[in-house]
Student: 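Handing you this structure, nothing more for now.
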Amino acid sequence: MNLKYRRLKGTRDILLEEAERWAWCEERWADVLARYGYGEIRTPVIEPTDLFFRSVGEGTDIVDKEMYTFQTKGGESLTLRPEMTASVVRAYLENGLTRQPGTLKFYYMAPMFRHDRPQAGRYRQFHQVGVEAIGSPSPVLDAEVIQTAMALFDAVDARGLGLLVNSIGCPSCKPAYVADLKIFLKGREEEIPEAFRGRIDANPLRLFDAKDDAVQALLREFRPITDSVCPACREHHAVLLQTLTDLKVPFEEDPTLVRGLDYYSRTTFEITALAERKQSSLAGGGRYDGLVEQCGGPPTPAVGFSIGIERTLLHLGDEPVDPQRSRQSVVDVYVACLGDEAQRFGLVAADLLRGFCRVEIDTSGRSAKAQAKSANQRLARILLTVGEAEIAADSLQLKILETGDQRPVARLDLLAAVKEVLEG
RNA sequence: GUGGCUGUAGCUCAGCUGGCAGAGCCCCUGGUUGUGGUCCAGGUGGUCGUGGGUUCGAAUCCCAUCAGCCACCCCA
């Protein structure tokens with residue numbers, strides 16, 4: 001069909017059975033997050049562009065080429081959020097929560113926007129469930145946050161996942177490593193494919209993200225970041241790994257896991273689908289101890305993660321939906337109406353039942369046969385039929401679909417009769 | 001930004017080396033003046049993605065274009 005309007009590239013409609021699957025996951029996630037002490041946060045999808053420039057960082061793909069940014073008539077630059085952490089930190093400061101005692105724990109399930117080329121498990125509007133735990137520097141919190149992520153996957157029966165962890169140091173040790181790395185890379189520049197050379201100056205750590213074999217081989221000649229961090233970071237990382245072991249959370253250390261965002265310090269982690277080759281990264285997170293201060297607040301440690309909902313559902317074996325088959329939702333009573341007046345009569349009757357059970361009234365004007373067929377497709381247990389004769393007698397025909405038995409019921413006795421059938 | 005694959009009915013698809021646009025499912029009507037899950041009969045529904053070219057003739061061949069999907073880069 002020649003459609004007048006189509007959805008924008010990289011966006012999706014979620015409906016019928018698929019919407020039910022989403023709701024199923026969201027209910028379970030909300031339950032898990034409550035158990036881990038998280039409260040919900042909702043923030044605007046739109047923020048000042050500078051918030052993401054300064055937090056996510058220039059030199060990252062997100063900021064350099066993936067943001068939906070536009071100007072208002074007043075000349076202000078706005079951006080559809082490409083991720084949630086910056087917004088949560090902004091809201092944390094703006095709502096005066098810096099003096100709250102203990103650790104503030106927020107979760108969100110919300111849409112994000114990145115202007116990327118769409119492909120399987122990647123959309124321009126996509127959704128994340130994630131958490132931000134603000135206020136504690138403890139590696140034990142890192143472990144709990146990671147455990148929370150694993151629990152979210154477990155809650156929807158996601159299997160076959162692997163956890164990668166790393167430490168990328170803090171402001172007292174990371175800069176020296178980055179500087180050394182840059183010098184090393186400068187000296188070997190000709191061995192690096194052209195596409196990646198720009199990163200040497202802009203953001204040398206991001207070379208670790210490159211899947212290019214030559215780049216990876218070269219980086220293996222340089223000392224891993226994990227060996228170069230300061231004693232405090234080393235201790236932090238050791239406690240995290242020990243705590244994960246105590247919690248029996250299996251993990252794998254990956255010294256090349258630097259992640260695409262600038263604000264991370266110390267712990268970074270990623271959860272991947274082991275079997276899938278493509279879009280295998282289902283979740284990512286880490287510690288961002290400097291971000292709150294950088295956004296104008298007091299020095300405040302924090303840690304968080306986000307899980308890609310579309311990718312998680314894809315991993316669960318989210319089959320494409322057949323709209324024809326998923327049309328029906330289950331109903332207890334189906335009211336077939338033969339004629340316009342019967343529809344009005346039927347709706348009044350349906351209204352008597354709605355406080356007690358699920359009722360669908362058929363106002364299509366189709367044949368009695370077609371309406372009865374729909375009742376069956378909707379898995380109704382009772383078919384009520386209204387025609388001229390019933391209206392005249394102030395009654396309805398009540399048919400028990402399982403047995404085929406049918407009898408007239410006075411309208412005033414309808415609720416009692418329906419109750420008797422459904423409960424018996 | 002760079003590649004590859006695919007566009008035919010609401011859905012899934014067939015349509016060979018050009019020759020009357022099809023099937024299954026769904027939907028509607030009837031068989032049963034007003035009754036379902038099975039039958040049977042009939043029916044609705046298509047600018048063959050779009051534009052151009054070749055040809056007596058194009059869904060089919062050629063070119064362009066758009067869209068979708070997939071992959072690269074990177075990420076969730």
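Letters A, B, ... are given to chains in the order of the sequence lines, protein chains preceding strands, and every chain is numbered from 1. Owing to the predicted nature of the structure, the values given are computational and were not obtained by experimental measurement.
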Student: Return the set of residues passing side-chain hydrogen bond (donor to acceptor under 3.5 Å, both in side chains) with A/D405 (not counting sequence neighbours), or none when no residue passes.
Tutor: A/T403
Student: In the 5'-to-3' direction, what one-character label does each nucleotide of nucleotides 34-43 of chain B receive under the scheme B = base within less than 4.0 Å of a protein heavy atom, S = sugar-phosphate only, - = no such atom?
Tutor: BBBB------
Student: Only distances under 3.5 Å count here; give the side-chain donor-acceptor pairs of residues 46-56 of chain A to other protein atoms, sequence neighbours excluded, each with its distance to 0.1 Å.
Tutor:
{"residue": "A/E47", "atom": "OE1", "partner": "A/R90", "partner atom": "NH1", "Å": "3.1"}
{"residue": "A/E47", "atom": "OE2", "partner": "A/S87", "partner atom": "OG", "Å": "3.0"}
{"residue": "A/E47", "atom": "OE2", "partner": "A/R90", "partner atom": "NH1", "Å": "2.5"}
{"residue": "A/T49", "atom": "OG1", "partner": "A/S77", "partner atom": "O", "Å": "3.0"}
{"residue": "A/T49", "atom": "OG1", "partner": "A/S77", "partner atom": "OG", "Å": "2.7"}
{"residue": "A/T49", "atom": "OG1", "partner": "A/L78", "partner atom": "N", "Å": "3.3"}
{"residue": "A/T49", "atom": "OG1", "partner": "A/L78", "partner atom": "O", "Å": "3.3"}
{"residue": "A/T49", "atom": "OG1", "partner": "A/T79", "partner atom": "OG1", "Å": "2.7"}
{"residue": "A/R54", "atom": "NH2", "partner": "A/Q294", "partner atom": "O", "Å": "3.0"}
{"residue": "A/S55", "atom": "OG", "partner": "A/L51", "partner atom": "O", "Å": "2.7"}

Student: Taking the minimum atom-to-atom distance to the side chain of A/Q128, which one of B/A76, B/U29, B/G68 wins?
Tutor: B/A76
Student: Can you tell me which residue pairs pass the side chain to side chain donor-acceptor pair (under 3.5 Å) test with a partner in residues 189-198 of chain A, sequence neighbours excluded?
Tutor: A/R188-A/E191
Student: Should A/R199 be listed as having a side-chain N or O under 4.0 Å from OP1 or OP2 of B/C74?
Tutor: yes
Student: Is there a donor-acceptor contact under 3.5 Å linking the side chains of A/Y288 and A/E132?
Tutor: yes
Student: For A/S280 and A/R311, which I'm curious about, is there any donor-acceptor pair between the side chains at under 3.5 Å?
Tutor: no
Student: Could you work out which one of B/A76, B/C75, B/C70 sits closest to the side chain of A/A120?
Tutor: B/C70
Student: Which residue pairs pass the salt bridge (charged side-chain N to carboxylate O under 4.0 Å, His left out) test when at least one of the two sits in residues 248-262 of chain A, sequence neighbours left out?
Tutor: A/R259-A/E270
Student: Go ahead and write out RNA chain B as dot-bracket, 5' to 3': ( ) for pairs within the strand, [ ] for ones crossing earlier pairs, | when the partner sits on another strand, dots for unpaired; Watson-Crick or G-U wobble, both distances under 3.5 Å.
Tutor: (((((((..((((.....[..)))).(((((.......))))).....(((((..]....))))))))))))....
Student: Using OP1 and OP2 only, check whether a side-chain N or O of A/R366 sits under 4.0 Å from B/C28.
Tutor: yes
